[in-house]
Peer 1: 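Below is one structure. I have some questions about it.
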Amino acid sequence: MTKSQTFNADLVADIARRRVVVFIGAGASKWAKPYSGSSFKDWASFLQDAAKNAPLKIQKLVKERLKSKDYLIASELLKSNLADQWSSILTAEFQQAADVSRLHRAIISLGQRIVVTTNFDKLIENAWNESNASRYPRVISKIDQQAFKLFRDEESYLIKIHGSIDEPENIVFDKTSFQRAAFSNQFYQDLISTLLLTHTFLFIGFSMDDPAVSLLVESHAYRFSDTRPHYAFMAGKNQLEIDNLSKSIRRLFILRYPDANHHSALADQIELLAMQGAQRRKELAISI
């Protein structure tokens with residue numbers, strides 16, 4: 001997308017009115033550069049490295065699970081076999097200090113009231129702290145009845161639906177915790193469903209592989225097939241058949257960007273969307 005192109009008018013208007021839920025997935029964390037000089041691992045790479053601490057039999061089982069992308073079971077195997085080491089391994093990776101990335105700055109520049117993330121690192125908090133926002137968001141890392149206050153006030157919220165690394169024992173990173181936090185938690189399902197109905201979602205760095213979120217998006221699309229769509233940034237060339245299926249099954253419009261130069265075009269697009277939203281916000285203010 002070039003600087004002269006524009007986004008869907010409804011999406012820009014929702015950005016202007018702060019009616020967009022920015023949903024951040026693990027892909028966004030790869031932009032951050034830890035002070036150690038390394039980089040944040042994706043789920044597969046983290047589990048592969050963590051498995052080196054386990055017995056050979058468990059290493060083999062984890063490797064098999066990773067081949068089939070069954071990350072929750074792989075993580076469950078490691079958690080149950082590494083016992084007391086597990087929290088330390090998680091903390092060592094996801095509590096690393098890092099520079100605020102350009103992508104996280106771009107996300108904050110969208111100026112939205114509600115940010116949701118599956119990430120339990122502290123990168124988005126650091127970006128928010130660095131910004132010139134008038135106040136910091138309220139952080140919700142446990143989905144219960146208290147989370148629904150966001151529908152009755154105008155505060156900013158950061159909702160960490162998989163928990164926070166501040167409490168490694170409570171994060172959602174394996175089959176058991178996922179079932180408890182998502183599938184067995186009616187508050188979780190009600191919160192996401194209500195947000196889908198009342199806001200426009202913009203997925204960033206999220207592959208839609210999360211079974212709980214994907215199921216809720218598809219259920220919403222089936223029940224409310226005439227409502228306005230949601231949006232997701234995805235890398236790579238247009239895949240017409242796949243993108244059309246996403247529209248019909250999920251009411252999810254794919255915003256494609258080239259993956260060259262370490263996905264730099266993603267930050268370009270988000271910055272452009274933020275600018276168009278800010279311009280539309282000014283126009284709306286003048287028309288009142």
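Residue indices begin at 1 and follow the sequence shown. Atom set for the values below is all heavy atoms of this structure, side chains included, hydrogens, waters and symmetry mates excluded.
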Peer 1: Please tell me if the side chains of Tyr188 and Leu216 come closer than 4.5 Å, counting only heavy atoms from C-beta onward.
Peer 2: yes
Peer 1: Between the side chains of Ser45 and Asp42, is a donor N or O closer than 3.5 angstrom to an acceptor N or O?
Peer 2: yes
Peer 1: Only one of His199, Arg19, Arg228 passes side chain to side chain donor-acceptor pair (under 3.5 Å) with Asp14; say which it is.
Peer 2: Arg228
Peer 1: May I ask you to say whether Arg102 pairs ionically with Glu271, meaning some side-chain N is under 4.0 Å from a carboxylate O?
Peer 2: yes
Peer 1: So how far is it from Ser131 OG to Ile107 CD1, rounded to the nearest 0.5 Å?
Peer 2: 12.5 Å
Peer 1: Any side-chain heavy atom of Phe203 sitting closer than 4.5 Å to one from Val217?
Peer 2: yes
Peer 1: Check whether Leu158 and Val100 end up in the same hydrophobic cluster, where Ile, Leu, Val, Met, Phe, Trp and Tyr are linked by side-chain heavy atoms less than 4.5 Å apart.
Peer 2: no
Peer 1: Taking the six-membered ring for Trp, are Phe94 and Phe120 parallel (under 30°), tilted (30 to 60°) or perpendicular (over 60°)?
Peer 2: perpendicular
Peer 1: Give a yes or no on whether Leu123 and Val22 share a hydrophobic cluster (residues Ile, Leu, Val, Met, Phe, Trp, Tyr; joining criterion: side-chain heavy atoms under 4.5 Å apart).
Peer 2: no
Peer 1: Shortest non-hydrogen contact from Arg251 to Ser225?
Peer 2: NE-O, 3.5 Å
Peer 1: Does any N or O in the side chain of Asn119 come within less than 3.5 Å of the main-chain N or O of Ser29, such that one atom is a donor and the other an acceptor?
Peer 2: no
Peer 1: Return yes when atom CD of Gln48 has more than 12 non-hydrogen atoms of other residues, nucleotides or ligands closer than 6.0 Å, and no otherwise.
Peer 2: no
Peer 1: For Asp243 and Ser246, what are the C-alpha separation, side-chain angles and deciding distance, and is it a side-chain hydrogen bond (donor to acceptor under 3.5 Å, both in side chains)?
Peer 2: CA-CA 5 Å; Asp243 292 356; Ser246 180; over 6 Å; no
Peer 1: In sequence, state the C-alpha distance, the side-chain angles, and the governing distance for Leu191 and Phe151, and then conclude on side chain to side chain contact (heavy atoms under 4.5 Å, CB included).
Peer 2: CA-CA 10 Å; Leu191 181 69; Phe151 293 107; 3.7 Å; yes
Peer 1: Please name the pair of heavy atoms, one in Asp49 and one in Lys41, separated by the smallest distance, quoted to 0.1 Å.
Peer 2: OD2-CE, 2.6 Å
Peer 1: To the nearest 0.5 Å, what is the distance between CG on Leu266 and CG on Leu255?
Peer 2: 10.0 Å
Peer 1: Within this structure, what is the CD-CG distance for the pair Gln276 and Leu272, rounded to the nearest 0.5 Å?
Peer 2: 4.5 Å
Peer 1: Using the side-chain contact (heavy atoms from CB on, under 4.5 Å) rule, pick out the option among Val21, Leu273, Ile270 that qualifies with Leu202.
Peer 2: Leu273
Peer 1: Would Thr200 and Asp10 count as a side chain to side chain contact (heavy atoms under 4.5 Å, CB included) if you check the C-alpha gap in whole Å, the side-chain angles of each, and the deciding distance to 0.1 Å?
Peer 2: CA-CA 9 Å; Thr200 295; Asp10 286 337; over 6 Å; no
Peer 1: Determine, using ring centers only, whether His162 and Phe173 are less than 6.0 Å apart.
Peer 2: no
Peer 1: What are the two closest heavy atoms between Thr227 and Phe224, and how far apart are they?
Peer 2: OG1-O, 2.7 Å
Peer 1: Taking the side chain from Asn53 and the backbone from Ala50, do they hold a donor-acceptor pair closer than 3.5 Å?
Peer 2: yes
Peer 1: Say whether Glu167 and Ser141, considering side chains only, have a donor N or O and an acceptor N or O under 3.5 Å apart.
Peer 2: no
Peer 1: Thr176 vs Glu76, test: side-chain hydrogen bond (donor to acceptor under 3.5 Å, both in side chains). Steps then yes/no.
Peer 2: CA-CA 7 Å; Thr176 300; Glu76 188 80 35; 2.9 Å; yes
Peer 1: Using modelled atom types only, decide if a donor and an acceptor are shared between the side chain of Glu155 and the backbone of Leu150 within a distance under 3.5 Å.
Peer 2: no
Peer 1: Using the six-membered ring wherever Trp is involved, compare the ring planes of Tyr71 and Trp43 and label them parallel, tilted or perpendicular (cut-offs 30° and 60°).
Peer 2: tilted
Peer 1: Distance check, rounded to the nearest 0.5 Å: Ile254 atom CD1 versus Leu240 atom CG?
Peer 2: 12.0 Å
Peer 1: For Ala26 and Thr118, work out which heavy atoms get closest and say how close.
Peer 2: N-OG1, 4.2 Å
Peer 1: Salt bridge check: are Arg180 and Asp174 linked by an N-O gap of less than 4.0 Å?
Peer 2: no
Peer 1: State, yes or no, whether a side-chain contact exists between Gln239 and Arg256 at a heavy-atom distance under 4.5 Å.
Peer 2: yes
Peer 1: Under 3.5 Å, side chain of Gln189 to main-chain N/O of Phe183, donor-acceptor pair present?
Peer 2: yes
Peer 1: How long is the straight-line distance from NZ of Lys160 back to CD1 of Ile24, given to the nearest 0.5 Å?
Peer 2: 10.0 Å
Peer 1: Quick check: does any side chain N or O of Ser109 sit under 3.5 Å from a backbone N or O of Ala106, one acting as donor and the other as acceptor?
Peer 2: yes
Peer 1: Mind checking whether Leu47 and Ile165 sit in one hydrophobic cluster, side chains of I, L, V, M, F, W, Y counted as touching below 4.5 Å?
Peer 2: yes
Peer 1: If Ile, Leu, Val, Met, Phe, Trp and Tyr residues are connected whenever their side-chain heavy atoms lie under 4.5 Å apart, and connections chain through other members, are Leu195 and Ile15 in the same group?
Peer 2: no
Peer 1: Can a donor-acceptor pair be found, under 3.5 Å and without considering hydrogens, that links the side chain of Arg280 to the backbone of Ala9?
Peer 2: no
Peer 1: Hey, is the main chain of Arg17 close enough, under 3.5 Å, to the side chain of Arg281 for a donor-acceptor pair?
Peer 2: no
Peer 1: Tell me, with the steps shown, if Ser75 and Phe178 meet side chain to side chain contact (heavy atoms under 4.5 Å, CB included).
Peer 2: CA-CA 11 Å; Ser75 186; Phe178 191 89; over 6 Å; no
Peer 1: Would you say Tyr222 has more than 12 foreign heavy atoms packed within less than 6.0 Å of its OH?
Peer 2: no
Peer 1: At what distance, to the nearest 0.5 angstrom, does CZ of Arg18 lie from CD of Glu154?
Peer 2: 10.0 Å
Peer 1: Evaluate side chain to side chain contact (heavy atoms under 4.5 Å, CB included) for Val20 paired with Leu110, printing each intermediate quantity in order.
Peer 2: CA-CA 9 Å; Val20 168; Leu110 290 169; over 6 Å; no
